[in-house]
Amino acid sequence: MDTRDIPSVHEYTDAWQWPESVERFIREQLPRDEDARVLNVPAGSSRLGDVLVDAEPQSEDIEEGDMMDLDLPPAEFDAVISDPPWRGMDYFDRWKQFYQLCRVTKPGGLIVYNAPWEPASDQCEVVSRHRRADHPFGEISQITVFRRYPGQQTWADFD
Ligand SMILES: C[S@@+](CC[C@H](N)C(=O)[O-])C[C@H]1O[C@@H](n2cnc3c(N)ncnc32)[C@H](O)[C@@H]1O
């Protein structure tokens, strides 16, 4: 996909880069299983995960993609990491983006979500909430860990 076709909600800035302490914390939330497949979208310049996607790839190992319309199969990942742009996403964008994360997560899989808001979903339950107050702009945000309900039908059943 051509980058210019992807509507970037907010362009990448280095200030968004997670500090090592946050990367370490997020790594600790991920499944221990070595075979677990992890998606990171939007990845920014993070190196966490096996498949990294962003509208503006910061390195060659990051694929171009739109977090609002992921070109990935349903129920593909054991865990999904997401740090969407905190500005510029209205209610519908937030809902649409979280829907995409749920869609690509396996039933029973985890979503580790970093934002100042907590998405509501009928597909996932909250496992834990962690407040962050270490942002350089002084913003408070939350890392919420969700589990996709096991036993629920996957989107593959509806597509
Ligand atoms: C908060 S930053 C992620 C920072 C990341 N946690 C890090 O450590 O570098 C948000 C990212 O969303 C990306 N982005 C904006 N709109 C997007 C879209 N429609 N699809 C995919 N990525 C998008 C930006 O390019 C930016 O890299």
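For ligands, and for the atoms within them, numbers begin at 1 and follow the listed sequence.
- Evaluation of the salt bridge (Lys or Arg N to Asp or Glu O under 4.0 Å) rule for Asp50 yields no partner, not counting sequence neighbours.
- Atoms of ligand 1 lying under 4.0 Å from at least one heavy atom of Asp66, given by number and element, are 18 (C), 19 (N), 20 (N).
- Checking Glu23, Gln58, Gln17 one by one against Ser46, the side-chain hydrogen bond (donor to acceptor under 3.5 Å, both in side chains) holds for a single residue, Glu23.
- With salt bridges taken as basic N to acidic carboxylate O contacts below 4.0 Å, none links Arg37 and Asp78.
- A donor-acceptor contact closer than 3.5 angstrom links the side chains of Ser82 and Gln97.
- Checked by distance only, ligand 1 and Met67 come closer than 3.5 Å through their nitrogen or oxygen atoms.
- Close contacts of ligand 1 with Trp16, meaning ligand atoms under 4.0 Å from a residue heavy atom, involve 1 (C), 2 (S), 4 (C), 7 (C), 8 (O), 10 (C), 26 (C).
- Arg94 contributes a side-chain N or O that, together with a main-chain N or O of Met89, makes up a donor-acceptor pair within less than 3.5 Å.
- Proximity annotation for atom 3 (C) of ligand 1: of Val22, Asp69, Asp83, Asp83 comes nearest, heavy atoms only.
- In summary, the atoms of ligand 1 found under 4.0 Å from a heavy atom of Pro85, numbered by their order in the structure, are 10 (C), 12 (O), 15 (C).
- Defined by atom type and a distance below 3.5 Å, a donor-acceptor pair is missing between the side-chain atoms of Gln123 and Ser121.
- Less than 4.0 angstrom separates some heavy atom of Gly65 from each of these atoms of ligand 1: 20 (N), 21 (C).
- Contact atoms of ligand 1 toward Gln17: 7 (C), 8 (O), 9 (O) (distance under 4.0 Å to a heavy atom of the residue).
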